[in-house]
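As a basis for the values below, the full set of heavy atoms in this structure was taken, side chains included, without hydrogen atoms, waters or symmetry mates. All chains are named by letter (A, B, ...) in the order of the sequence lines, taking the proteins before the strands, and each is independently numbered beginning at 1. Since this is a predicted model, take the numbers as computed values, not measurements.
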Amino acid sequence: MSTLNSPQKQAVEHLGSPLLVLAGAGSGKTRVITEKISWLIQNRAVSPADITAVTFTNKAAREMKERLQQRLGEAENLQGLTVSTFHSLGMKILRLHAKDLGLRSGFSIIDPRDVTTVLSETLRADPIHNKDLVNQVARRISGWKNLGLSVSEALQFAEDPIAQTAASAYKEYQRYLLACNSVDLDDLIFLPSQLFRDQPEICRSWQLRIRYLLVDEYQDTNAAQYQLVKQLAGDGKRLTVVGDDDQSIYAWRGAQPQNLAVLAEDFPNLTVTKLEQNYRSSARILKAANHVIANNPRHFDKSLWSDLGHGEVIRIIPADNEKLEAERAVSGIMRHQFKHRSSHGDFAILYRSNHQARELEIKLREMRIPYKISGGSSFFDRGEIRDVMAYLRLLTNPSDDTAFLRIINTPRRGIGASSLEKLAGLAGKRGQGMFHTLADPELHLILQSRQAKSLQAFGNEMGALSKRATDGDPIDCVNALLEAVEYQRWLHKSCETADADRRWENVRLLVDWLEAADRQATEDRTLPELVTELILNDALDQQKDEENVDQVNLMTLHAAKGLEFPHVFIVGVEENILPHKVSVEEGSDEEERRLFYVGITRAMRSLTLSYARRRKRFGDSVECEPSRFLQELPAEDVEWEDQLSLSPEQQQDTGRAHLASIRALRNRQ
DNA sequence: GATTCAGATATTTTT
DNA sequence: TATCTGAATC
């Protein structure tokens, strides 16, 4: 506690009115939250069970828990303390009040990628039914939920024809989800807030239950999340939110950074504390960041400062094309490593969009530098994982028609479209799920005997397994499932050996994760609990977290938020990339500037920026301009490593020679 | 029901 | 340019 600076201390010890902590980059905001929780428990004798801290990512939640455990030691019993993501908290609320919302126990979360499939079906009759329409409708529905708007509100406010189409699709979609005893990810926030609005006494019970509410990365909350926060906070006397409007980079996803300002209106007795001392970056880096962000109009003015010394100048590297840019970034890293004896993990290369990682990957591989790429396509986007997840969902929630349809022919069971149509028809007539209908005596009458038999066999098999799912050990059940459907054999039958092995490996990873999660838990968990945890938790994320190996970090600027690295490279600092073309066209260049700001403030000791003068775009080479943001950097703190005087061939040669000398040096070691 | 070929499509994506 | 998806055909 003694090591906290004065505003940090103020924030930690503040009680009695709602508190907004405006925490600049690297100013120790997570620390303030953990210290505050510790202080509440140790100095104010608050029971851990009365405290809930909310974050956006599982990783942030995990880290916060770890830090608390460290800070308080084993002696303190943290039993009952809630540190969770918005979505897990929503899930917890939904579980307890499923009945009030027309859901049955074991309800499942629909695979986000199946949403478009469902909507496509819903919109089948629409005259302009195409992929674009479906995607637009999906975005609208998600947008409405993020705004906290119900079906009737959407129907009421829909003005343009697409909005009207979307609103009626919204109605259908919700009906479908309810029939499947499913919710989507947005519902995890939206439904609890609807519930609290409609049933104030339930809301009151949660206010009493949560008491001390702390929210991290508050600038990233959307309208529905804020609504939920407000409902849970009650009079707000025990509410603490921490955020930084300069780091708001998710407005395109519905985040409303103005929620920071709205807080002062909704809670007139709001106390505001600013954290402006940065403990991460050198003064130069911070000055550069301040210069850049000063070009944005800001609601809350902050001036970050640091006493970590001047530090190195910021280097700007122009390269002739994207290949040379990658080469210079990689050789820059290697040079740095030899000069400062730093390890791979001290470096991060950040970029605006995922495809930029490719050239870097090629070069890093060429130079045999270990690296890890965060982000890109998720573990849960893989077909095999979605298959297994669909099986698990069906086991825990037999009404889940989406899951049923996904796996009924995986592996092949000889059930064609017409059989499924008949089955769906009968299910509709009976008003029940397709899986339930497998046991219907009438099925034999409407289907050919082979199909009927196959379906029945499937029904029996899954029925037996779902008994095990509820009674027995969840892991045994999963293994039995994979065995019963001969999933591994199916993989080998449906793809090349190497591919099949890789996919099977992923499935095993999933099972391993389930096992780990099961073991970690203090009490026995049921399969449904594990399955929702799987959907809300990124298994790969956790996996990556654990293998703390020494590798150069590659990630998007978005993915870098909340992280720090001794040495940071930002590549592709060009017009049309950073700021991104689409953002400029949409007029959201301020968010792009914040994105650049986030990138800069990740750096502790050195920062290198690069851009290419030409770049391959969809095949042909186009000219590129350095980013407007580069001119916003303080001239006295940057150094341009221009090689303008050299021809591209010569440049390539010097680059090669450079790499060769470094390689030679390394081999000698 | 599987394979192949043509066409679309490339910004970020905490859950 | 490379990759992925869906439709058409065998």
Side-chain angles (χ1 to χ4, degrees), chain A residues 54-63 84-91 109-113 115-117 120 130-132 135 139 142 145-146 183-190 216-222 224-225 247-255 322 350-359 374-378 380-381 383 409-419 493-495 532-539 541 555-563 572 576-586 588 591-592 594-596 598-599 615-622:
Chain A
V54 186
T55 65
F56 274 85
T57 65
N58 293 303
K59 198 177 162 198
R62 257 197 320 275
E63 276 174 10
S84 79
T85 62
F86 264 105
H87 288 84
S88 314
L89 179 65
M91 188 65 193
I109 300 170
I110 188 171
D111 183 329
R113 285 191 30 170
V115 170
T116 46
T117 319
S120 176
N130 59 36
K131 233 179 109 181
D132 189 50
N135 286 331
R139 262 204 310 276
S142 174
K145 289 187 179 183
N146 287 162
V183 298
D184 67 18
L185 281 170
D186 297 323
D187 283 337
L188 295 182
I189 312 294
F190 172 66
D216 194 15
E217 302 279 17
Y218 179 72
Q219 76 282 352
D220 290 335
T221 52
N222 61 37
Q225 283 158 338
Q247 292 186 70
S248 159
I249 54 174
Y250 284 106
W252 55 275
R253 266 196 115 204
E322 75 280 358
L350 311 180
Y351 36 80
R352 176 66 234 258
S353 45
N354 284 307
H355 73 265
Q356 292 174 264
R358 283 195 58 169
E359 296 296 339
S374 319
S377 61
S378 153
F380 286 98
D381 281 344
N409 271 320
T410 315
R412 301 265 169 259
R413 293 189 179 86
I415 311 298
S418 69
S419 304
K493 224 166 89 185
S494 59
C495 45
T532 40
E533 238 179 280
L534 264 183
I535 297 175
L536 296 182
N537 242 303
D538 206 24
D541 198 62
M555 67 189 82
T556 63
L557 288 159
H558 283 91
K561 200 181 78 172
L563 305 175
N576 297 332
I577 293 183
L578 184 65
H580 197 275
K581 196 173 178 211
V582 180
S583 291
V584 175
E585 281 162 6
E586 285 174 356
S588 48
E591 182 152 308
E592 295 288 307
R594 290 193 290 268
L595 196 52
F596 186 44
V598 166
R615 181 180 292 275
K616 280 250 165 64
R617 250 177 94 100
F618 309 143
D620 45 18
S621 177
V622 289

Ranking A:Ile249 and A:Phe56 by the position along DNA chain B of their nearest nucleotide, the one closer to 5' is A:Ile249

Without decimals, in angstroms, what is the distance between A:Leu188 CG and B:dT15 P? 12 Å

Taking the side chain from A:Arg352 and the backbone from A:Leu578, do they hold a donor-acceptor pair closer than 3.5 Å? no

Between A:Asn576 (side chain only) and A:His580 (backbone N and O only), is there a donor and an acceptor less than 3.5 Å apart? no

Work out how far the P atom of B:dT11 is from that of C:dC4, and round it to whole angstrom. 16 Å

Main-chain N/O of A:Phe86 paired to A:Gln225 side chain as donor or acceptor, under 3.5 Å: no

Rounded to whole Å, how long is the line connecting atom CD1 of A:Ile110 with atom P of B:dT15? 19 Å

Atom-pair distance (NZ on A:Lys59; P on B:dT13), nearest Å: 14 Å

Between C1' of B:dT13 and NZ of A:Lys561, the distance in whole Å: 12 Å

Can you tell which of B:dT14, C:dT3, B:dT12 lies closest to the side chain of A:Trp252? B:dT12

Between CG of A:Asp186 and C1' of B:dT15 the distance, given in whole Å, is 9 Å

Rounded to the nearest 0.5 angstrom, the OG-CZ distance for A:Ser142 and A:Arg253 is 7.5 Å

Confirm from the modelled atom types if A:Arg253 and B:dT15 form a donor-acceptor pair under 3.5 Å, side chain to base only. yes

Figure out the CG/C1' separation between A:Asn135 and C:dT5, and round it to whole Å. 13 Å

Under 4.0 Å between a side-chain N or O of A:Ser88 and OP1 or OP2 of B:dT15? no

Does A:His558 reach the main-chain N or O of A:Ile249 with its side chain, forming a donor-acceptor pair under 3.5 Å? yes

Every protein N/O lying under 3.5 Å from an N/O of nucleotides 8-11 of chain B:
residue	atom	partner	partner atom	Å
B:dT11	O4'	A:His580	NE2	3.1
B:dT11	O2	A:Arg352	NH1	3.2
B:dT11	O2	A:Arg352	NH2	2.3

Send over the distance from A:Phe596 CZ to B:dT12 C1', rounded to a whole Å. 17 Å

Separation between CD (A:Glu217) and CD (A:Gln219), nearest 0.5 Å, reads 5.0 Å

Holding to side-chain contact (heavy atoms from CB on, under 4.5 Å), I want the full list of residues that pass it with A:Ser621, two or more places apart in sequence or in another chain. A:Arg614

What contact category does A:Asp220 fall into here, base, sugar-phosphate, or nothing, at under 4.0 angstrom with non-hydrogen atoms? base

Would you mind reading off the distance between A:Met555 atom CE and B:dT13 atom C1', rounded to a whole angstrom? 15 Å

Quick one: label A:Phe86 by what it contacts on the DNA or RNA (base, sugar-phosphate, nothing), any heavy atom closer than 4.0 Å. nothing

Classify the nucleic acid contact of A:Arg413 as base, sugar-phosphate or nothing, counting any heavy atom under 4.0 Å across all strands shown. nothing

Between C:dT3 and B:dT14, how far apart are the two C1' atoms, rounded to whole Å? 26 Å

